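This one's a predicted model, so the numbers in the text were calculated from it and none came from an experiment.
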Amino acid sequence: MRAGRTLMPRLGLRVAVLAAAWIGGAAIGADGAPGADSASASGAVATPAPRGADARTIASAAWDFEVRLDGKPIGTHRFVVEGEPGGRAVRSLARFDVKLLGLTVFRYRHEASERWRGDCLQAIQSRTDDDGKPVEVNKTFNVRGPSTASPSPQAPSASASASASASAVAETDCLMSYAYWHPALVRQQRLLNPQTGEVDEVRIERLADASLAVAGREVEAMRWRLTATPPAAAGKPAQRQQLTLWRDRSDGRWIGLDAVVKGGRVLSYRLP
């Protein structure tokens with residue numbers, strides 16, 4: 001019942017779900033300050049990332065993550081990567097329901113389809129239901145130069161329009177979305193937000209390796225800290241979010257994500 005929901009202490013839960021959406025590449029512009037990254041205690045290390053796969057060697061794959069808040073399941077996020085490097089398709093589907101005293105206090109749905117050529121995003125379409133607020137993005141990019149992603153000194157020339165659902169064509173250097181499955185993600189300085197169509201500034205640091213429970217067993221993993229800053233809204237400072245990306249040490253495969261949100265609550269993506 002909507003009237004009853006407004007009386008509940010939703011802020012901490014809302015911020016947690018916002019971080020969940022950001023983790024999944026469906027960022028929603030956080031309305032609360034992020035907490036400290038749980039991995040930061042180990043500090044960033046100078047160890048370079050191992051040589052991993054690039055667009056030519058990434059195989060088709062699927063990830064079915066269980067999303068948890070302080071260890072309690074709140075939903076799922078599925079990612080599917082298909083096709084050859086010259087014409088790869090990526091799909092994602094997220095469903096989150098945060099409950100309090102048996103009542104749903106936050107509901108989130110997100111689906112996105114992306115087209116890639118090499119390491120570069122060519123087009124994206126997404127639909128989001130942010131607790132009753134609909135958002136749509138439909139963008140196509142005319143990429144300049146080779147199809148190998150690299151940090152660009154210039155921001156893309158197109159930004160999200162007043163109507164996010166309107167199609168926009170941008171001439172830009174190679175740009176990625178929050179493609180956690182892609183080895184080249186950790187070399188980026190800007191990433192496209194699939195929910196808003198805006199481009200976030202990102203800073204990525206290598207952290208010390210650690211073990212992570214994956215499908216009931218401990219896996220030696222590589223870690224990175226991602227600090228994402230979206231464009232500042234009118235009259236409001238940009239809100240940053242810190243995430244921890246986990247990849248299998250043996251083959252570089254994506255195996256998890258974490259964020260610490262307001263109140264020290266831990267939001268995580270894990271493979272069951």
Chemist: Would you say D130 and F106 make side-chain contact, with heavy atoms under 4.5 Å?
Modeler: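 Heavy-atom side-chain distance check passes, below 4.5 Å.
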Chemist: Taking the side chain as every heavy atom from C-beta outward, state whether R78 and V80 have any pair of such atoms under 4.5 Å apart.
Modeler: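 Yes, at least one pair of side-chain atoms sits under 4.5 Å.
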Chemist: For E114 and R88, run side-chain contact (heavy atoms from CB on, under 4.5 Å): C-alpha distance rounded to whole Å, both residues' side-chain angles, the deciding distance at 0.1 Å, then the answer.
Modeler: CA-CA 8 Å; E114 300 177 355; R88 180 172 283 121; over 6 Å; no
Chemist: Side chains of L121 and M176: does their closest heavy-atom pair fall under 4.5 Å?
Modeler: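 Sidechains of M176 and L121: no contact.
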Chemist: Below 30° counts as parallel, above 60° as perpendicular, anything between as tilted: where do the rings of Y269 and F65 land?
Modeler: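 The rings of Y269 and F65 sit tilted, inter-plane angle from 30° to 60°.
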Chemist: I'd like to know if the side chain of D248 pairs up with that of S250 as donor and acceptor (distance under 3.5 Å, no hydrogens or angles considered).
Modeler: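 The answer is yes; a qualifying pair exists.
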Chemist: Strictly below 4.0 Å, N to O, side chains only: are R127 and E111 in salt-bridge contact?
Modeler: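 No, this pair does not count.
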Chemist: Looking only at heavy atoms, which two atoms of K99 and T104 are closest? And how far apart?
Modeler: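 In terms of heavy atoms, the two residues are closest at NZ-OG1, 2.8 Å.
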Chemist: Taking C-beta and beyond as the side chain, do I124 and F141 meet within less than 4.5 Å on heavy atoms?
Modeler: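 In contact.
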Chemist: Under a 3.5 Å distance rule, please check whether S60 uses its side chain to pair with a backbone N or O of G83 as donor and acceptor.
Modeler: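 Yes: the side chain of S60 pairs with the backbone of G83.
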Chemist: How far does OG of S177 sit from CG of L185, to the nearest 0.5 angstrom?
Modeler: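 Between atom OG of S177 and atom CG of L185 there are 8.5 Å.
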Chemist: Tell me, do I204 and L245 make a side-chain contact under 4.5 Å, heavy atoms counted?
Modeler: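 A side-chain contact under 4.5 Å is absent here.
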Chemist: Are W246 and S268 side-chain neighbours, meaning at least one heavy-atom pair lies under 4.5 Å?
Modeler: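 W246 does not reach S268 side chain to side chain.
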Chemist: Keeping R249 on the side-chain end and M222 on the backbone end, is there a donor-acceptor pair under 3.5 Å?
Modeler: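 No; zero donor-acceptor contacts below 3.5 Å.
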Chemist: List in chain and number order the residues that pass side chain to side chain donor-acceptor pair (under 3.5 Å) with S211, two or more places apart in sequence or in another chain; answer none if no residue qualifies.
Modeler: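 Testing S211 for side chain to side chain donor-acceptor pair (under 3.5 Å), a comparison that skips the adjacent residues, returns E218.
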Chemist: Which atoms form the tightest heavy-atom contact between F96 and H77, and what is the distance?
Modeler: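 What the structure gives for the nearest pair is CZ-ND1, 4.2 Å.
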Chemist: Got a sec, which residues hit side chain to side chain donor-acceptor pair (under 3.5 Å) with R270, two or more places apart in sequence or on another chain?
Modeler: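 Residues passing side chain to side chain donor-acceptor pair (under 3.5 Å) with R270: D258.
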Chemist: Holding to side chain to side chain donor-acceptor pair (under 3.5 Å), I want the full list of residues that pass it with R95, two or more places apart in sequence or in another chain.
Modeler: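 Not a single residue meets the side chain to side chain donor-acceptor pair (under 3.5 Å) criterion with R95.
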Chemist: Minimum heavy-atom separation for R107 and D129, please, with both atom names.
Modeler: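 Residues R107 and D129, closest heavy atoms: NH1-OD2, 3.0 Å.
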Chemist: Would D200 and R203 pass as an ion pair if we require N to O under 4.0 Å?
Modeler: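 The answer is no: the pair does not qualify as a salt bridge.
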Chemist: So among L257, V202, L192, which one has a side chain to side chain contact (heavy atoms under 4.5 Å, CB included) with Y178?
Modeler: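 Only match with Y178 under side chain to side chain contact (heavy atoms under 4.5 Å, CB included): V202.
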Chemist: Mind checking the NZ-CG spacing from K72 to L69? Nearest 0.5 Å is all I need.
Modeler: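 If we round to the nearest 0.5 Å, K72:NZ and L69:CG are 8.5 Å apart.
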Chemist: Say you draw a straight line from NZ of K133 to OH of Y108; how long is it, rounded to the nearest 0.5 Å?
Modeler: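 These two atoms lie 11.5 Å from each other.
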Chemist: Identify the heavy atoms of D119 and C174 that sit nearest to each other, and give their distance.
Modeler: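 Heavy-atom minimum between the residues: O-SG, 3.6 Å.
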Chemist: Considering all heavy atoms of both residues, which atom of V137 and which atom of G197 are nearest to each other, and what is their separation?
Modeler: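 V137 and G197 have their closest heavy atoms at CG2-N, 3.7 Å.
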Chemist: To the nearest 0.5 Å, what is the distance between CD (Q125) and CZ (R115)?
Modeler: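 Those atoms lie 8.5 Å apart.
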Chemist: Sub-3.5 Å donor-acceptor pair from the side chain of S126 to the main-chain atoms of P194, do we have one?
Modeler: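 Side chain of S126 to backbone of P194, a donor-acceptor pair under 3.5 Å: yes, one is there.
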Chemist: Please work out which of the three classes, parallel, tilted or perpendicular, describes the rings of F79 and W254, given edges at 30° and 60°.
Modeler: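 Taking F79 first and then W254, their aromatic rings stand perpendicular (interplane angle over 60°).
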Chemist: How many angstroms lie between atom CG of L207 and atom CZ of R225, to the nearest 0.5 angstrom?
Modeler: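 Those atoms lie 5.0 Å apart.
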Chemist: side-chain contact (heavy atoms from CB on, under 4.5 Å) between I255 and W63: does it pass, once the steps are laid out?
Modeler: CA-CA 8 Å; I255 56 175; W63 293 259; over 6 Å; no
Chemist: Dump the intermediate steps for salt bridge (charged side-chain N to carboxylate O under 4.0 Å, His left out) on R109 and D97, then the final yes or no.
Modeler: CA-CA 9 Å; R109 302 289 186 268; D97 292 283; 3.1 Å; yes
Chemist: Please answer: with hydrophobic residues joined when any side-chain heavy atoms are less than 4.5 Å apart, are L93 and V98 in the same cluster?
Modeler: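 No; V98 is not reachable from L93 via cluster members.
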Chemist: So do I74 and L267 actually touch side chain to side chain, heavy atoms under 4.5 Å?
Modeler: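 Yes, side chains in contact.
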Chemist: What's the shortest heavy-atom distance between G86 and R117, and which atoms?
Modeler: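 It is O-CG, 3.8 Å.
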Chemist: Between CZ of R253 and CG of L271, what distance do you get to the nearest 0.5 Å?
Modeler: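 Answer rounded to 0.5 Å: 6.5 Å.
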Chemist: Take W224 and Y180 through the ring pair (Phe, Tyr, Trp, His ring centres under 6.0 Å) test and state the conclusion after the steps.
Modeler: CA-CA 11 Å; W224 287 263; Y180 300 108; over 10 Å; no
